[in-house]
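Heads up, the thing below is written out as structure tokens.
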Amino acid sequence: MIKSKLAIIIDSIFIGFIIFLLTYLWLNIIFKIKTLSFTLGLMISLTIITFIFILSFKKRNKLIKNKSEKDLFDLIKNNLKYAKINDNIVYFENLLNVKYIGNNIFENDKCYLYINFYN
């Protein structure tokens, strides 16, 4: 499932707040100075929020790309599945910029591969 941008932002803020509280309490126990603990805890939590935010958006963009490629593949597959053989031949000739003669595909007078559209 692909998270929305708002969900990623809310998750990052929530996780950052929890990390801030934990680091603040831990640093307060170690240093016993509240302002130093607050400042260091804030810096650490902001750094972690930034990393989580960046990684989440990279993952989201990758999922969106994969989903759009799959949708495009399904669309082409369904269109070719119900098309006639000659329509498929014309589609691939235009797509690949080649010429189909007999059962061979030619590009610049060179035969590249043999295709049997009936199977």
Side-chain angles (χ1 to χ4, degrees):
M1 184 169 154
I2 299 174
K3 287 184 179 181
S4 68
K5 291 181 181 180
L6 183 62
I8 292 173
I9 293 170
I10 291 172
D11 286 349
S12 299
I13 291 172
F14 183 71
I15 291 170
F17 182 71
I18 290 172
I19 291 171
F20 167 71
L21 286 178
L22 293 175
T23 53
Y24 171 72
L25 293 174
W26 180 66
L27 291 171
N28 198 21
I29 291 170
I30 292 174
F31 295 124
K32 308 243 192 274
I33 302 171
K34 291 187 191 303
T35 55
L36 178 63
S37 301
F38 180 82
T39 306
L40 289 176
L42 189 63
M43 288 180 359
I44 292 170
S45 65
L46 286 176
T47 304
I48 293 173
I49 286 173
T50 305
F51 284 124
I52 291 172
F53 196 69
I54 290 170
L55 292 176
S56 296
F57 269 107
K58 283 185 180 180
K59 181 180 176 184
R60 179 181 185 271
N61 290 339
K62 184 178 179 184
L63 288 174
I64 287 174
K65 181 181 176 188
N66 290 343
K67 184 179 182 307
S68 63
E69 286 176 355
K70 183 183 178 299
D71 291 344
L72 179 63
F73 174 76
D74 290 340
L75 178 69
I76 291 172
K77 182 179 80 172
N78 289 335
N79 286 341
L80 294 177
K81 184 179 188 180
Y82 298 112
K84 296 179 183 174
I85 293 172
N86 290 334
D87 294 337
N88 286 343
I89 291 171
V90 171
Y91 174 78
F92 281 110
E93 283 180 347
N94 293 334
L95 179 70
L96 301 173
N97 196 19
V98 294
K99 186 67 182 159
Y100 178 77
I101 300 173
N103 285 337
N104 299 313
I105 292 205
F106 290 91
E107 182 182 26
N108 298 332
D109 298 328
K110 293 181 183 176
C111 181
Y112 280 104
L113 69 129
Y114 173 82
I115 292 184
N116 185 356
F117 275 103
Y118 295 98
N119 288 335

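Computation of the quantities below employed the complete heavy-atom set of this structure, encompassing side-chain atoms and omitting hydrogens, waters and symmetry-equivalent molecules.
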Item to complete: Could you work out the complete set of other residues in the hydrophobic cluster of Ile18, with links drawn between I, L, V, M, F, W and Y side chains under 4.5 Å apart?
Response: Phe14, Leu22

Discussion item. Give me each pair satisfying ring-ring contact (aromatic ring centres under 6.0 Å, His included) with a member in residues 26-50, each pair once, sequence neighbours excluded.
Written reply: Phe20-Phe38

Worksheet item: Ile44 and Ile33: same hydrophobic cluster, using ILVMFWY side-chain contacts below 4.5 Å?
Response: yes

Worksheet entry | Inter- and intrachain pairs under salt bridge (charged side-chain N to carboxylate O under 4.0 Å, His left out), touching residues 17-33, at least two apart | none

Fill in: Shortest non-hydrogen separation from Ser45 to Gly16 and the atoms involved
CB-O, 3.6 Å

Worksheet entry | Pairs where residues 35-44 contributes a residue and the test side chain to side chain donor-acceptor pair (under 3.5 Å) is met, not counting sequence neighbours | none

Fill in: Spatial distance of atom CG (Leu55) from atom OG (Ser12) [nearest 0.5 Å]
9.5 Å

Practice prompt. Could you name each residue pair satisfying salt bridge (charged side-chain N to carboxylate O under 4.0 Å, His left out) that touches residues 7-22, not counting sequence neighbours?
Written response: Lys3-Asp11

Practice prompt. Indicate if Tyr24 and Leu46 have the same hydrophobic cluster label, given that clusters are the connected sets of ILVMFWY residues with side-chain heavy-atom separations under 4.5 angstrom.
Written response: yes

Worksheet item: With ILVMFWY side chains joined below 4.5 Å, transitively, what does Ile9's cluster contain besides itself?
Response: Ile8, Ile13, Phe53, Phe57

Worksheet entry | ILVMFWY cluster, Leu36 and Ile30 together (side-chain gap under 4.5 Å) | yes

Practice prompt. Look up atom CG in Asn28 and atom OG1 in Thr23, then write down how far apart they are to the nearest 0.5 Å.
Written response: 11.0 Å

Worksheet item: Is there a chain of hydrophobic side chains (I, L, V, M, F, W, Y, each step under 4.5 Å between heavy atoms) that links Ile19 to Met43?
Response: yes

Worksheet item: When hydrophobic residues are tied together by side-chain contacts of less than 4.5 Å, even through go-betweens, does Leu42 share a cluster with Phe17?
Response: yes

